[in-house]
Amino acid sequence: MTEHSPEPSSEPAAHDFLKTRLEKLHKLAALGIDPWGVPFRRTHAPGEVVNGFAALEGKQVTVAGRVVAWRSHGKTVFCDLQDASGRLQLYLRRDQLGEESFGRLDLVDLGDHLGARGRVFRTRAGEVTVAVEDWTFLGKALRPPPEKWHGLKDVESRYRQRYLDLIANARTREILRIRSLTIRALRQGLDERGFLEMETPAMSAVVGGANARPFVTHHNALDCDYYLRISLELYLKRLVVGGFDRVYEIGRVFRNEGMSSRHNPEYTLLEFYQAYADYQDMMALTEELIPEVAERVLGTTVITYQGASINLDPPWRRLPLRQAVADATGVDFLALDHAGVHEAAVRLGLEPTPGTSRAAIIDDVMSRFVQPQLVQPTFLTDYPVEISPLARRRRDDPSLTYRFEAFVGGVEVANAYSELNDPADQRARFLEQAARRDQGDEEAHMMDEDFLTALEYGMPPTGGEGIGVDRLVMLLTDAPSIREVIPFPLLRPRK
RNA sequence: GGGCCAUUAGCUCAACUGGUAGAGCAUCCGACUCUUAAUCGGACGGUUCGGGGUUCGAGUCCCUGAUGGCCCA
């Protein structure tokens with residue numbers, strides 16, 4: 001057993017703390033005690049004992065957890081066990097445990113996992129506590145946990161060694177818990193509305209559905225390059241063509257682009273598609289679903305994000321993109337031609353690179369001057385067709401589309417449209433994108449012949465939407481950075 | 001990709017204009033039968049992120065590299 005024990009692998013010449021902990025490990029072996037634990041059945045998690053005290057007082061419980069605090073008083077010891085459910089105090093007395101069992105406590109270190117059986121009571125100070133009658137090792141810690149009071153603050157360590165962050169910081173535990181509940185609530189909301197969850201390829205020879213550079217990988221047996229998906233859209237719409245009239249997927253997408261407090265190269269996207277619906281229906285669904293999720297996860301539809309109080313209740317504000325940009329800048333960009341747009345953007349202090357399209361510049365202006373002001377939930381509608389190659393054209397103005405983006409707390413959380421189901425128009429849009437690719441725009445869409453073929457078999461009018469799950473979690477947890485809500489955000493490898 | 005900032009003991013942080021690297025927690029030894037950031041006494045612990053330079057002398061100044069954070073593109 002012990003010869004399989006992890007030796008101080010990465011560390012130079014075992015630190016003192018490592019050495020003394022290894023010595024304790026060897027002492028345990030000499031006593032015939034397995035420091036890695038025996039089959040153990042707990043009756044309660046630490047938090048359950050604390051929360052269920054009224055019913056448990058005076059009763060026997062068997063608990064387990066990590067030792068996170070140790071207060072020794074000679075012939076008694078108080079120690080705190082912690083797991084994700086909470087923290088529970090143990091009270092260990094020599095006269096209760098006996099000489100031998102109490103003596104073995106010398107071999108316990110902060111960070112160890114212990115199991116204990118005893119009676120639940122409340123101390124004079126009011127702390128719910130288990131008076132231990134018997135205890136056992138469940139897993140030795142060879143390294144010390146982070147500092148008990150200040151915790152682990154170093155941002156890099158928190159991300160690289162998230163397990164330490166989780167041990168030390170309750171806030172991190174709470175954020176990741178809310179992330180899980182959020183995904184569950186989204187799934188629940190869509191399931192209840194008759195959507196079917198589907199799984200589409202994460203690797204394929206052609207990717208699309210977004211303006212982004214994909215990651216490339218290689219399949220050896222087929223000797224063929226594949227891309228990692230950048231969205232879920234084109235496959236989900238194929239499923240709609242196939243007759244599934246309400247589908248969704250919650251999945252990881254990968255975008256080979258810059259990183260920021262709002263962008264991680266891999267992130268979680270929810271997309272859903274509803275046949276015989278349009279973007280208006282998607283708006284209605286969004287302003288219903290998001291508050292519903294908040295209610296399920298947080299118990300309220302009023303949240304605080306970065307100091308601002310935000311009411312998620314419907315109806316959300318609706319505003320054409322054109323008007324929003326004009327209000328914010330005093331310039332009616334949509335009335336200008338390419339040169340005029342460029343000139344106006346420059347006057348506002350932007351520096352559009354020469355190849356940038358008219359609509360892309362306007363989108364830029366929007367991100368810079370409009371988006372930060374969209375704190376209360378807002379739908380910006382009617383996006384230009386050039387930056388919406390998969391959206392249906394407006395009948396009253398073919399240069400615009402039936403599309404919206406939803407913003408909350410200045411963060412873009414959703415993007416939706418009435419889906420383009422005219423294969424000829426779709427082909428024209430792809431060709432236009434292909435021309436941009438030829439001009440060196442690596443983020444332009446790829447021609448997807450099979451998707452066009454699918455449309456040629458007939459897709460019903462469909463409303464579709466994507467929601468950035470990580471950004472939604474940011475809002476619900478008041479997290480300033482996407483890295484806070486991703487368990488293991490991408491970092492440069494440590495050499 | 002550019003600018004700014006950070007990197008000191010296991011963790012959290014100090015160290016004035018360049019002059020002997022410190023504290024708290026953790027660890028180890030000792031005391032203590034209701035403590036809870038337990039307390040009290042003692043001890044151990046450093047490649048000051050790496051490399052180069054200036055200087056009698058560098059954690060501190062200069063150059064360079066690494067990693068991270070924030071802002072910008």
Side-chain angles (χ1 to χ4, degrees), chain A residues 8 10-24 27 46 50 67-82 86-99 102 105-112 118-119 121-132 141-161 163-165 167-170 257-264 306 345-346 349-356 360-361 364-365 367-368 372 443 479-484 489-495:
Chain A
S10 58
E11 295 299 316
H15 283 289
D16 280 349
F17 65 82
L18 209 49
K19 217 183 291 174
T20 58
R21 282 170 185 244
L22 281 171
E23 279 165 17
K24 290 179 183 176
K27 280 183 195 164
V50 174
V67 176
V68 292
W70 191 266
R71 297 175 292 279
S72 162
H73 299 257
K75 297 184 185 65
T76 63
V77 170
F78 289 91
C79 95
D80 295 343
L81 290 191
Q82 177 182 285
R87 187 181 279 217
L88 171 67
Q89 180 170 265
L90 301 185
Y91 182 40
L92 303 111
R93 301 169 54 110
R94 192 167 75 164
D95 57 9
Q96 176 75 255
L97 291 176
E99 207 69 40
F102 191 82
L105 292 174
D106 286 344
L107 300 175
V108 177
D109 288 304
L110 286 182
D112 289 357
R119 192 181 48 80
F121 76 109
R122 202 189 276 278
T123 63
R124 270 177 224 156
E127 180 96 5
V128 174
T129 302
V130 172
V132 175
L142 296 180
R143 296 170 187 269
E147 208 253 4
K148 65 179 175 185
W149 188 242
H150 299 93
L152 185 66
K153 285 190 172 170
D154 181 75
V155 177
E156 189 177 349
S157 302
R158 288 185 48 233
Y159 295 158
R160 286 193 196 277
Q161 297 181 279
Y163 43 90
L164 292 182
D165 190 24
I167 291 169
N169 298 320
E257 56 198 7
M259 295 159 65
S260 77
S261 59
R262 287 179 189 177
H263 301 83
N264 194 62
Q306 303 298 294
V346 169
L350 297 184
E351 297 164 16
T353 46
T356 315
I361 295 173
D364 236 36
V365 170
S367 315
R368 178 79 172 274
E443 297 191 351
S481 166
I482 196 169
R483 286 181 285 268
E484 290 296 328
L490 190 86
L491 296 177
R492 211 178 276 272
R494 218 75 176 102
K495 52 168 176 55

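Residue numbers begin at 1 in each chain, while the letters A, B, ... track the order of the sequences.
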> How far, in whole Å, is B:C63 from B:A6 if one measures between their P atoms?
Replying inline: 14 Å
>> It should be established whether A:K148 places a side-chain nitrogen or oxygen under 4.0 Å from OP1 or OP2 of nucleotide B:A26.
In response: yes
>> I want to verify a distance call: between B:G68, B:U33, B:A37, whose nearest atom is closest to the A:L491 side chain?
In response: B:G68
>> Please report the distance, rounded to the nearest Å, between CZ in A:R93 and C1' in B:C34.
In response: 9 Å
> Hey, does A:R158 reach any base, or is it just sugar-phosphate, or nothing, if we go heavy atoms under 4.0 Å?
Replying inline: nothing
> 5'-most contact on RNA chain B: A:T129 or A:W70, nearest heavy atom basis?
Replying inline: A:T129
> For A:R368 and B:C71, what is the distance between atoms CZ and C1' respectively, to the nearest whole Å?
Replying inline: 11 Å
>> Rounded to whole Å, how long is the line connecting atom CD of A:Q89 with atom C1' of B:U33?
In response: 14 Å
> Parallel, tilted or perpendicular: which fits the ring planes of A:F78 and A:H73, with parallel below 30° and perpendicular above 60°?
Replying inline: perpendicular
> Under 3.5 Å, is there an N or O donor on one side and an acceptor on the other linking the side chain of A:D95 and the base of B:U33?
Replying inline: yes
>> Quick one: does any side-chain atom of A:N169 pair with a main-chain N or O of A:L152 as donor and acceptor, under 3.5 Å?
In response: yes
> Pick the nucleotide of RNA chain B nearest each of A:E147 and A:V155; which residue has the one closer to the 5' end?
Replying inline: A:E147
>> Quick check for you: among B:U33, B:A37, B:G69, whose closest atom lies nearest to any side-chain atom of A:Y91?
In response: B:U33
> B:U27, B:U33, B:U12: which one has an atom nearest the side-chain heavy atoms of A:L110?
Replying inline: B:U27
> What does A:R160 touch in the nucleic acid at a heavy-atom separation under 4.0 angstrom: a base, only the sugar-phosphate, or nothing?
Replying inline: sugar-phosphate
>> Over all strands shown, is A:R492 touching base, sugar-phosphate only, or nothing at heavy-atom distances under 4.0 angstrom?
In response: sugar-phosphate
>> Distance check needed: B:C44 C1' versus A:K19 NZ, whole Å only.
In response: 11 Å
> Taking atom types as they are modelled, is there a donor-acceptor pair under 3.5 Å from the base of B:U27 to the side chain of A:T20?
Replying inline: no
>> Can you tell me the base-pairing partner of B:C4? Count Watson-Crick or G-U wobble geometry only, both distances below 3.5 Å, and say none if there is no partner.
In response: B:G69
> What's the closest nucleotide to the A:E156 side chain, out of B:U67, B:C34, B:C11?
Replying inline: B:U67
> Between A:S260 and A:H263, do the side chains contain an N or O donor and an N or O acceptor separated by less than 3.5 Å?
Replying inline: yes
> Going by an N to O cut-off under 4.0 Å, is there a salt bridge joining A:D106 and A:K24?
Replying inline: no
> A:Q161 side chain to A:L164 main-chain N or O, any donor-acceptor pair under 3.5 Å?
Replying inline: no
> Which whole-number value in Å describes the distance from A:E351 CD to B:G1 C1'?
Replying inline: 14 Å
> For A:S72, which contact category applies under a 4.0 Å heavy-atom criterion: base, sugar-phosphate, or nothing?
Replying inline: base
